[in-house]
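Residues: numbered from 1 along the sequence shown. Note that ligands are numbered from 1 as they come in the structure, with each ligand's atoms numbered from 1 the same way.
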Amino acid sequence: MRSSFGLICAAALMGIAPGCQAADTASYKDAETGFTFSQYNAQYTIGRSITYRIAVPSPVPANSAYDVVLQVVAPNEVAWAGLAWGGSMIANPLTVAWSNSPNVVVSSRYATQHAAPSAYADASYELFKPGTHVNSTHWQYTVKCTGCTSYNTATGSRRILNPSGANRLAFAYSGTRPANPSSNVSSISVHDVYNYWSHDFSIAGNPDFSSLMVRNLGHA
Ligand code: HEM
Ligand SMILES: *[C@@H]1O[C@H](CO)[C@@H](O)[C@H](O)[C@H]1NC(C)=O
Ligand SMILES: *[C@@H]1O[C@H](CO)[C@@H](O)[C@H](O)[C@H]1NC(C)=O
């Protein structure tokens, strides 16, 4: 485990980063999929967290869109868990997921206001078999996303998340099950908790990204 605490706190002291969040992200090597992730434990209630892990290719050419691998681990009481790639509910790709035991459903969403988000066609997802499972305590999924790390902002400019630095992300948690859990377009009800953090992508790089993709998906 390598914590990015020092780097982010140094940046905060220098006024570069918005805050100094203790041990925000740490490096995590997943034996099941072989990817190295940068991970954050998002606390949704005292002592209980949803883990968000992100793996990126390395190197990523400057100003290029890039795919990402997302792995999420949630206690079974988490009825849906969302990730906002641009760090806010509105005008950025939202990855929403829930358990539909023995499967996990991932839904691509986007919101233009603080109301139920709609389907978002500019991001596409491919679930891994390795790294996706439900057991008696947790549900977990691992997915490739194309279109999560770049998007058009509310003002119309193109934004690409920094593949080698910190990005402000947000999560949302709900304890209420989606109305139709087998469908990725199910309606969902509002979150009980949301929050923000700074996710260090500089410790999420995988030089063997495409060969690991082949290992897990059968293609790059
Ligand atoms: C039915 C679904 C949803 C409804 C009705 C809803 C509604 C709302 C409302 C009313 C607020 C403002 C709360 C306040 O001002 O205190 C809010 C804020 C927020 N929501 Fe949602 N939301 C939904 C789904 C989601 C999802 C799927 C995500 C992320 C994946 C998300 C992330 C956030 C975040 C980060 C905020 C804080 C303000 C912001 O960043 O814009 N929401 N939501
Ligand atoms: C739901 O899944 C289908 C088939 O994989 C996909 O084409 C569609 O984009 C998904 N919709 C959402 C909202 O994720
Ligand atoms: C259930 O899954 C979670 C998350 O994937 C894992 O940490 C835990 O060890 C698993 N528990 C059992 C009993 O296999």
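When each atom of ligand 2 is checked for a heavy atom of N184 under 4.0 Å away, the hits are 1 (C), 2 (O), 3 (C), 8 (C), 10 (C), 11 (N), 12 (C), 13 (C), 14 (O). Every atom of ligand 2 with a heavy atom of A119 under 4.0 Å away is listed here by number and element: 13 (C). The ligand atoms of ligand 2 that sit less than 4.0 angstrom from a heavy atom of S107 are 13 (C), 14 (O). Set against the non-hydrogen atoms of S108, the atoms of ligand 2 under 4.0 Å away are 12 (C), 13 (C), 14 (O).
Checked options N167, T95, T149; the residue passing with W85 is T95 (criterion: side-chain hydrogen bond (donor to acceptor under 3.5 Å, both in side chains)).
For ligand 1, the 4.0 Å heavy-atom shell contains residues W80, G82, L83, S88, M89, L94, V96, H114, A115, A116, P117, A170, A172, I188, S189, V190, H191, Y194, Y196.
Without hydrogens or angle criteria, T142 side chain to G131 main chain gives a donor-acceptor distance under 3.5 Å. No side-chain donor-acceptor contact under 3.5 Å links Y44 to the backbone of S174.
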Report every pair formed by an N or O atom of ligand 3 and a protein N or O atom separated by less than 3.5 Å, giving atom names and the distance to 0.1 Å.
| unit_1 | atom_1 | unit_2 | atom_2 | d |
| --- | --- | --- | --- | --- |
| ligand 3 | 2 (O) | N135 | ND2 | 2.3 |
| ligand 3 | 5 (O) | Q140 | OE1 | 2.5 |
| ligand 3 | 11 (N) | N135 | ND2 | 2.9 |
| ligand 3 | 14 (O) | N135 | ND2 | 3.4 |

Y194 and M89: CA distance, side-chain angles, deciding distance, side chain to side chain contact (heavy atoms under 4.5 Å, CB included) verdict: CA-CA 9 Å; Y194 58 78; M89 179 166 168; over 6 Å; no
Steps toward side chain to side chain contact (heavy atoms under 4.5 Å, CB included) verdict (C145, L70): CA-CA 7 Å; C145 180; L70 171 68; 5.9 Å; no
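Ring pair F209/F35: centre-to-centre distance below 6.0 Å.
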Let me check something: any side-chain donor-acceptor pairs from residues 178-186 under 3.5 Å, sequence neighbours excluded? List them with distances.
| unit_1 | atom_1 | unit_2 | atom_2 | d |
| --- | --- | --- | --- | --- |
| S183 | OG | V185 | N | 3.1 |
| S186 | OG | A179 | N | 3.2 |
| S186 | OG | N180 | N | 2.9 |

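For N63, the CG atom counts as loosely surrounded, since its 6.0 Å shell holds 12 or fewer non-hydrogen atoms of other residues, nucleotides or ligands.
Put simply, the side chain of L161 reaches to within 4.5 Å of the side chain of Y151, judged on heavy atoms. Under the 4.5 Å side-chain criterion, counting only non-hydrogen atoms from C-beta, F201 is in contact with I54.
When only interatomic distances are considered, the shortest N/O to N/O separation between R109 and ligand 2 does not fall below 3.5 Å.
Between T36 and K29, the shortest heavy-atom contact is OG1-CD, 3.4 Å.
Residues passing the ring-ring contact (aromatic ring centres under 6.0 Å, His included) test with F171: none are found, sequence neighbours excluded.
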